[in-house]
Chemist: 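Pasting a structure here, questions to come.
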Amino acid sequence: MKEKLEVGILGATGMVGAEYVRMLANHPWFKIKYVIGKKSAGKKFKEAKAGEWVTSYEPPKEISEMVVEEANAEKQSADMFFSCLPTDAARELEPLYAKYFPTFSDASAYRMEPDVPLLIPEINPEQWVLIKEQKKRGWKGFLTTGPNCTSIGLNVTLKPLHEEFKIKKVVVATMQAVSGAGFPGVASMSILDNVIPYIKDEEEKVFIETNKILGKVVDNRVEFANIDVAAMCHRVPTIDGHMESVFIETEKKITPEDAAEVLRNFKGLPQELKLPTAPDQPIIVREEPDRPQTRLDRYAGSIPGMSVVVGRIRKGLDDHSLRYVLLSHNTIRGAAGNTILTAEMFHKEGWMYDYR
Ligand SMILES: NC(=O)c1ccc[n+]([C@@H]2O[C@H](COP(=O)([O-])OP(=O)(O)OC[C@H]3O[C@@H](n4cnc5c(N)ncnc54)[C@H](OP(=O)(O)O)[C@@H]3O)[C@@H](O)[C@H]2O)c1
């Protein structure tokens, strides 16, 4: 048996790709075999766009010296591929990889397909069985997706509250970091000293994805939940970390104290399995009146960037509603980290090999 599983990263030179490289560079189970891009193909990874690292992290020499390849599912071969491609490229390329290999994606292209899981490992691991339906596509491999970066932070907090208090309605105003738009993303002259109250398709995604994520799996299909979600999405001039101001209405009575306890005690399958990228606490609850804050809290927890930080838990309008604020790192928990955790779960549970 190989010491580590070999992985390829489709979109390795982008904003999310940079996080994959950082998180996989010293991973105990996985080893990077391919860094794949488009415009930067043929360059050494250190010379590609990702070489302009927006963080101070520099990858180890063996990765910096790798040559970025163009996508070619017929020629490349690895134990699995991660995809952080833009939507159009993902639509074209992901099925070509899933035909042969386990493929774990952050892109939105296939999130809503009935046979494609939309996974947050702590929240809905049971959706993995959907990949069994993908046999009908004639694939030897399979495709999973992770939700939009805003939906992930939100749903990590909604799930435990929904189980305990049964959520009927969610109203959420988001303050989303610039890195959510990729690299180079929003022009600096558009976002500095500014807030943009529009992110294309984002509000619709948060609504529909929440209902798939919190749905029930019946006969290898998801029966969608029935929760009203009104999202109001804003781009703000922070670099990383999406903040969300949430209001929920519940069927059962809810108090801030009970909600805080439920959130604080929440753990999922990744914690039970002690997966390498699983944070000890998926949700960190802060008591101070002015936390979470983007700069102070986006790397909180045992695996920096993987915990969702919640604060300002307070009464809503009545005994059946609640307000709180959450902060979630969009390229880590909201993309690369969530998807690496998904792959670890598949590997540990044997789903990668037993799905047939
Ligand atoms: N940013 C976030 O917070 C976030 C969170 C969740 C999900 N996502 C999703 O993750 C995906 C990537 O987002 P991002 O922010 O990392 O975007 P990005 O910075 O624009 O990066 C895109 C990457 O895809 C590569 N690429 C583009 N077309 C390609 C093709 N035809 N073949 C091979 N590689 C190709 C680019 O390579 P070259 O530079 O070499 O052309 C680059 O490495 C998107 O689908 C996005 O919606 C992003």
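Values in this document were obtained by computation on a predicted structure and should not be read as measured data. What's counted below: heavy atoms across the whole structure, side chains too, no hydrogens, waters or symmetry copies.
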Chemist: For D219, does the CG atom have more than 12 heavy-atom neighbours from other residues, nucleotides or ligands under 6.0 Å away?
Modeler: no
Chemist: Treat each ILVMFWY residue as a node, draw an edge where side-chain heavy atoms are under 4.5 Å apart, and state whether L275 and V7 are in one component.
Modeler: yes
Chemist: Ring centroids only, cut at 6.0 angstrom: are F142 and F346 within range, meaning strictly under it?
Modeler: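 So the answer is yes for these two rings.
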Chemist: Kindly indicate whether the side chain of I227, heavy atoms from C-beta on, has any atom under 4.5 Å from the side chain of L214.
Modeler: yes
Chemist: Quick one, F30 and P276 - any side-chain contact, counting heavy atoms below 4.5 Å?
Modeler: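 The answer is no, as the side chains (C-beta and beyond) never meet within the 4.5 Å cut-off.
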Chemist: How far apart are the closest heavy atoms of A336 and E19, and which atoms are they?
Modeler: CB-CB, 3.7 Å
Chemist: Would the distance check show the side chain of Y110 and the main-chain N or O of V116 forming a donor-acceptor pair, the cut-off being under 3.5 Å?
Modeler: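 No, because the side chain of Y110 does not come within donor-acceptor range (under 3.5 Å) of the backbone of V116.
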Chemist: Do V178 and T238 have side-chain heavy atoms sitting under 4.5 Å apart?
Modeler: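 The answer is no; the side chains never approach within 4.5 Å.
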Chemist: Does the side chain of S321 come under 3.5 Å of the side chain of E249 through a donor N or O and an acceptor N or O?
Modeler: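 There is no such pair (donor and acceptor under 3.5 Å, judged by atom type) between the side chains of S321 and E249.
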Chemist: Yes or no on side-chain contact (heavy atoms from CB on, under 4.5 Å) for V35 and E69, after CA distance, side-chain angles and deciding distance?
Modeler: CA-CA 6 Å; V35 285; E69 295 191 14; over 6 Å; no
Chemist: Looking at G334 and I152, what are the two nearest heavy atoms and their distance?
Modeler: O-CD1, 3.5 Å
Chemist: Would the distance check show the side chain of T157 and the main-chain N or O of L154 forming a donor-acceptor pair, the cut-off being under 3.5 Å?
Modeler: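 Yes, because the side chain of T157 sits within donor-acceptor range (under 3.5 Å) of the backbone of L154.
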Chemist: Quick one: do D115 and R137 make a salt bridge, cutoff under 4.0 Å?
Modeler: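 The answer is yes: the pair qualifies as a salt bridge.
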Chemist: Would you mind checking if E272 and K267 are paired as a salt bridge, meaning a charged N to carboxylate O distance below 4.0 Å?
Modeler: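 No, K267 and E272 are not salt-bridged.
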Chemist: Could you walk me through whether V222 and Q127 pass side-chain contact (heavy atoms from CB on, under 4.5 Å), step by step?
Modeler: CA-CA 8 Å; V222 179; Q127 283 200 16; 3.7 Å; yes
Chemist: Any carboxylate oxygen within less than 4.0 angstrom of a Lys/Arg side-chain nitrogen, looking at K44 and E65?
Modeler: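 So K44 pairs with E65 through a salt bridge.
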Chemist: To the nearest 0.5 Å, what is the distance between CD1 (I213) and CG (N124)?
Modeler: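 Answer for the CD1-CG pair, I213 versus N124, is 6.5 Å.
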Chemist: Between S179 and N330, is a side-chain hydrogen bond (donor to acceptor under 3.5 Å, both in side chains) present by the stated rule, with each step listed?
Modeler: CA-CA 8 Å; S179 64; N330 51 293; 2.9 Å; yes
Chemist: Does N226, at its CG atom, have more than 12 non-hydrogen atoms belonging to other residues, nucleotides or ligands within less than 6.0 Å?
Modeler: no
Chemist: State, to 0.1 Å, how close N72 and Y97 come at their nearest heavy-atom pair, and which atoms those are.
Modeler: N-OH, 2.8 Å
Chemist: In the single-linkage hydrophobic clustering (I, L, V, M, F, W, Y; side-chain heavy atoms under 4.5 Å), do L119 and F224 co-cluster?
Modeler: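 Per the 4.5 Å side-chain linkage, L119 and F224 are co-clustered.
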Chemist: So, N148 and E202: side-chain donor and acceptor under 3.5 Å apart, yes or no?
Modeler: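 Yes, a side-chain donor-acceptor pair sits under 3.5 Å.
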Chemist: Give a yes or no on whether a salt bridge exists between R221 and E133, defined as a side-chain N under 4.0 angstrom from a carboxylate O.
Modeler: yes
Chemist: Once you round to the nearest 0.5 Å, how far does CD1 of I123 lie from CG of L158?
Modeler: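 With rounding to 0.5 Å, CD1 (I123) is 9.0 Å from CG (L158).
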Chemist: Under 4.5 Å between side-chain heavy atoms, hopping through other hydrophobics if needed: is there a path connecting V21 to L5?
Modeler: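 Same cluster.
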Chemist: Is P270 close to E344 at the side-chain level, that is, under 4.5 Å between some pair of heavy atoms?
Modeler: no
Chemist: How are the rings of F82 and F104 set relative to one another: parallel (under 30°), tilted (30 to 60°) or perpendicular (over 60°)?
Modeler: tilted
Chemist: Is any NZ, NE, NH1 or NH2 atom of the basic residue among R333 and E122 found under 4.0 Å from an Asp or Glu carboxylate oxygen of the other?
Modeler: yes
Chemist: Got a donor-acceptor contact below 3.5 angstrom from the R235 side chain to the A177 backbone?
Modeler: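 Yes, because the side chain of R235 sits within donor-acceptor range (under 3.5 Å) of the backbone of A177.
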Chemist: Checking the side chain of S302 only, and the main-chain atoms of D280 only, is there a donor and an acceptor separated by less than 3.5 Å?
Modeler: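 Flag set: sc S302 to bb D280 pair under 3.5 Å.
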Chemist: Evaluate side-chain contact (heavy atoms from CB on, under 4.5 Å) for V308 paired with I284, printing each intermediate quantity in order.
Modeler: CA-CA 6 Å; V308 178; I284 295 172; over 6 Å; no
Chemist: Membership question, hydrophobic clusters at under 4.5 Å side-chain separation (ILVMFWY): are F247 and I313 in the same one?
Modeler: no
Chemist: Is it true that a side-chain atom of R314 and a backbone atom of P256 form a donor plus acceptor pair closer than 3.5 Å?
Modeler: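 No.
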Chemist: Please determine if E251 and K169 form a salt bridge, counting it only when a charged side-chain N lies under 4.0 Å from a carboxylate O.
Modeler: no
Chemist: Taking the side chain as every heavy atom from C-beta outward, state whether S83 and L93 have any pair of such atoms under 4.5 Å apart.
Modeler: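 No, their side chains stay 4.5 Å or more apart.
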Chemist: Look up atom OG in S328 and atom CG in D297, then write down how far apart they are to the nearest 0.5 Å.
Modeler: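 One gets 12.0 Å once the value is rounded to the nearest 0.5 Å.
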Chemist: Tell me, yes or no, whether the heavy-atom count around R295 atom CZ, taken from other residues, nucleotides or ligands under 6.0 Å, exceeds 12.
Modeler: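 No, the 6.0 Å shell around CZ holds no more than 12 heavy atoms from other groups.
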Chemist: How far apart are the closest heavy atoms of L10 and A71, and which atoms are they?
Modeler: CD2-CB, 4.0 Å
Chemist: Got more than 12 heavy atoms from elsewhere within 6.0 Å of NZ, K31?
Modeler: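 Atom NZ in K31 is not crowded, with 12 or fewer foreign heavy atoms closer than 6.0 Å.
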Chemist: A side-chain contact here means heavy atoms from C-beta on lying under 4.5 Å apart; do I32 and Y20 qualify?
Modeler: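 No. Closest side-chain heavy atoms not under 4.5 Å.
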Chemist: Report yes or no: does K348 contribute a side-chain atom to a donor-acceptor pair with the main-chain N or O of K274 at less than 3.5 Å?
Modeler: no
Chemist: Taking M232's backbone N and O only, do any of them form a donor-acceptor pair with H234's side chain (distance below 3.5 Å, no angle check)?
Modeler: yes
Chemist: Taking atom types as modelled and ignoring hydrogens, do the side chains of T150 and Q176 form a donor-acceptor contact shorter than 3.5 angstrom?
Modeler: yes
Chemist: Using only atom types and a distance under 3.5 Å, with no angle test, would you say the side chain of S307 pairs donor to acceptor with the backbone of Q281?
Modeler: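 Pair found, side chain donor or acceptor close to backbone of Q281.
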Chemist: Do the side chain of Q271 and the main chain of A278 share a donor and acceptor less than 3.5 angstrom apart?
Modeler: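 Side chain of Q271 to backbone of A278: no pair is present.
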Chemist: Tell me yes or no: between the side chains of Y100 and E74, is some donor less than 3.5 Å from an acceptor?
Modeler: yes
Chemist: Sub-3.5 Å donor-acceptor pair from the side chain of E126 to the main-chain atoms of V217, do we have one?
Modeler: no
Chemist: Could you measure the distance from the CG atom of L263 to the CD atom of E164? Nearest 0.5 Å is fine.
Modeler: 10.5 Å
Chemist: Return the minimal non-hydrogen interatomic distance between C84 and V16, and the atom names on each side.
Modeler: CB-CG1, 3.7 Å
Chemist: Kindly indicate, with the supporting measurements, whether the criterion salt bridge (charged side-chain N to carboxylate O under 4.0 Å, His left out) is fulfilled by E163 and K159.
Modeler: CA-CA 6 Å; E163 281 195 339; K159 168 75 185 238; 3.6 Å; yes
Chemist: W29 vs H27 aromatic rings, parallel, tilted or perpendicular, using cut-offs 30° and 60°?
Modeler: perpendicular
Chemist: Would you check if there is a donor-acceptor pair between the side chains of E94 and S105 at a distance under 3.5 Å?
Modeler: yes
Chemist: Check the hydrophobic clustering (I, L, V, M, F, W, Y; side-chain heavy atoms under 4.5 Å; chains of links allowed) and say if I332 and M243 are grouped together.
Modeler: no
Chemist: List the steps and the verdict of side-chain contact (heavy atoms from CB on, under 4.5 Å) for R111 and K205.
Modeler: CA-CA 10 Å; R111 281 182 196 149; K205 281 182 193 164; 4.0 Å; yes
Chemist: Are any of the side-chain nitrogens in E287 or R264 under 4.0 Å away from the carboxylate oxygens of its partner?
Modeler: yes
Chemist: May I have the step-by-step check of side-chain hydrogen bond (donor to acceptor under 3.5 Å, both in side chains) for E6 and Y34, ending in yes or no?
Modeler: CA-CA 9 Å; E6 291 174 329; Y34 301 108; over 6 Å; no
Chemist: Which atom pair, heavy atoms only, marks the closest approach of P147 to N338?
Modeler: CD-ND2, 4.2 Å
Chemist: Between atom CD1 of I254 and atom NZ of K166, what is the distance when rounded to the nearest 0.5 Å?
Modeler: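 Answer rounded to 0.5 Å: 13.5 Å.
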Chemist: I need the T250 OG1 to I167 CD1 distance, nearest 0.5 Å.
Modeler: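 Taking OG1 in T250 and CD1 in I167, the distance rounds to 8.0 Å.
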